Amino acid sequence: MEHYERLEKIGEGASGVVYKARDSRTGATVAVKRLRGGGFGDHDGSRLSEDLLREAACLEACRGHPSVVELRAAHRDGAGGAFLVMEYVGPSVAQVMRERGRPFPEADARRLMRQLLDGARAMHDLGVLHRDLKPDNVLVDAHGDLKICDFGMSRFAAGGAATAPPYTSPVVTLWYRAPELLLGSTEYDARVDTWALGCIMAELLAGAPLLPGRSEMDQLNRAFDTVGADDMTDWPGFSRLPRAGSPLCQRSRPPSRLREMFPSLSAAGFDVLSGLLACRPDRRLTAADALRRPWFTDAESANADQPLNACRFTARVGGVADAIVV
Ligand SMILES: Nc1ncnc2c1ncn2[C@@H]1O[C@H](COP(=O)(O)OP(=O)(O)OP(=O)(O)O)[C@@H](O)[C@H]1O
């Protein structure tokens with residue numbers, strides 16, 4: 001860590017603290033995430049090493065994709081700490097939305113979703129599940145482009161018995177958690193990420209979270225009441241869900257309210273939104289499917305996706321940083 005001059009704290013979460021820092025060898029501004037110990041398995045640092053290796057390995061696999069934050073280095077220090085050094089990007093979409101205080105127009109939302117879906121498609125092709133996509137984990141750079149960060153919950157899911165299901169449940173922050181996860185699934189796939197991307201798309205368009213649940217069951221109720229239960233009980237994987245017997249699944253539900261919630265969204269935009277937010281995983285769009293829908297492929301929409309004004313984002317960076325004394 002002696003090469004990194006700590007500048008200011010820029011974030012803090014369950015897995016660690018993130019600082020803006022300067023690499024004294026190159027002068028580059030970087031983000032350094034110090035992974036926190038804690039929990040029984042950390043006594044000898046083995047759990048910390050495992051977490052560091054997994055987050056670093058998933059980031060490393062996606063390295064080079066413009067919509068994924070770039071890993072520069074991963075270190076363990078003598079004091080039992082672990083660090084990830086990444087390119088410094090900028091504020092999160094959550095911070096930008098809070099300070100902006102109003103929804104994004106459809107053309108901006110489409111441009112941002114194209115980047116997020118392309119990053120997700122690339123990571124899913126590589127067998128990486130992010131498992132914690134949310135506006136806090138999407139960063140905005142000085143050009144207004146998005147980069148997915150925080151691979152602390154991610155894991156490899158493809159190939160080899162060691163990576164086959166069952167997977168951990170619960171994963172994903174409550175408001176962005178797919179119905180099958182809320183029902184306890186341990187055999188989920190990349191579509192848990194595309195559900196979260198559907199929630200992010202709705203949030204960009206509405207300026208507020210779509211499903212701000214207070215508990216797992218409240219979250220499931222809100223999901224069913226908003227997008228419809230979509231014959232969830234007929235999904236072939238339904239009977240294997242640990243909470244398949246929940247009375248919430250038997251209750252009759254009104255049809256989806258999504259269209260009335262987004263009346264001015266174009267038909268092509270609604271096709272993507274409703275496809276990402278299909279309750280049944282087998283009917284939900286993958287990231288690759290979504291990118292092939294007319295909202296993204298129409299020549300007119302491709303041309304309309306102009307870059308957002310960079311100043312809109314950079315002006316806010318100083319306001320959200322929390323300066324510390326080094
Ligand atoms: N490369 C980066 N550039 C700029 N800011 C970053 C970068 N990486 C992380 N941050 C900031 O730090 C915050 C926390 O980072 P991260 O999500 O990786 O930590 P975490 O401990 O896993 O958080 P959580 O528990 O909330 O998921 C992010 O929301 C973001 O604001």
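For the numbers below, each heavy atom of this structure counts, side chains included, while hydrogens, waters and symmetry mates do not. No experiment lies behind these values; they were computed from the predicted model shown. Whatever order the structure lists them in is the order used to number ligands and atoms, beginning at 1.
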Can you confirm whether Arg22 is buried at CZ, in the sense that more than 12 heavy atoms of other residues, nucleotides or ligands lie under 6.0 Å from that atom?
no
Quick check: does Asp136 get an N/O under 3.5 Å from an N/O on ligand 1?
yes
Specify the protein heavy atom at minimum distance from atom 1 (N) of ligand 1: its residue, its atom name, and the distance to 0.1 Å.
Glu87 O, 2.8 Å
Among all the protein's non-hydrogen atoms, which is closest to atom 17 (O) of ligand 1, and how far away is it?
Asp150 OD2, 2.8 Å
Residue, atom and distance of the protein heavy atom nearest atom 13 (C) of ligand 1 read Gly11 CA, 3.8 Å
For ligand 1, which atoms have a heavy atom of Ala31 less than 4.0 angstrom away?
1 (N), 2 (C), 3 (N), 7 (C)
Provide the number and element of each atom of ligand 1 under 4.0 Å from a heavy atom of Val69.
1 (N)
Salt bridge or not for Asp234 and Arg280, using N-O below 4.0 Å?
no
Among all protein heavy atoms, pick the one closest to atom 23 (O) of ligand 1 and tell me residue, atom and distance.
Gly13 CA, 3.3 Å
I want to confirm something. Looking only at heavy atoms, which of Val89, Val85, Val138 is nearest to atom 3 (N) of ligand 1?
Val89
Regarding Asp289 and Thr286, is there a side-chain donor-to-acceptor distance under 3.5 Å anywhere?
yes
Heavy atoms only, cut-off 4.0 Å: how does Val17 contact ligand 1, side chain, backbone, both, or neither?
neither
Considering Ala94, Gly90, Pro135, which one's heavy-atom position lies nearest to atom 4 (C) of ligand 1?
Gly90
Side chains of Asp23 and Arg72: closer than 4.5 Å at any heavy-atom pair?
no
closest protein heavy atom to atom 18 (O) of ligand 1 is Lys33 NZ, 2.8 Å
Please check if any side-chain donor atom of Asp132 sits under 3.5 Å from a side-chain acceptor atom of Thr173, or the reverse.
yes
Within a radius of less than 6.0 Å around CZ of Arg214, do more than 12 heavy atoms belonging to other residues, nucleotides or ligands occur?
no
With a cutoff of 4.0 Å, is Gly16 in contact with ligand 1, counting heavy atoms of the residue only?
yes
Closest to atom 11 (C) of ligand 1 among protein heavy atoms sits Ile10 O, 4.0 Å
Aromatic Phe296 / basic Arg111 pairing, under 6.0 angstrom, 45° off normal:
no
Any Leu220 side-chain heavy atom under 4.5 Å of Pro179 side chain
yes
Regarding ligand 1, does Tyr88 bring an N or O atom to under 3.5 Å of one of the ligand's N or O atoms?
no
Does a salt bridge link Glu180 with Arg191, judged by any charged N lying under 4.0 Å from a carboxylate O?
no
Could you tell me the residue and atom name of the protein heavy atom closest to atom 20 (P) of ligand 1, and the distance to it rounded to 0.1 Å?
Ser15 OG, 3.3 Å
Tell me whether the rings of Phe151 and His130 are parallel (<30°), tilted (30 to 60°) or perpendicular (>60°).
perpendicular
To which of Leu71, Val32, Val18, Leu139 does the heavy atom nearest atom 30 (C) of ligand 1 belong?
Leu139
re atom 25 (O) of ligand 1, the protein heavy-atom contact at minimum distance is Ala14 N, 2.6 Å
Pair Glu70 + Lys147: basic N to acidic O under 4.0 Å
no
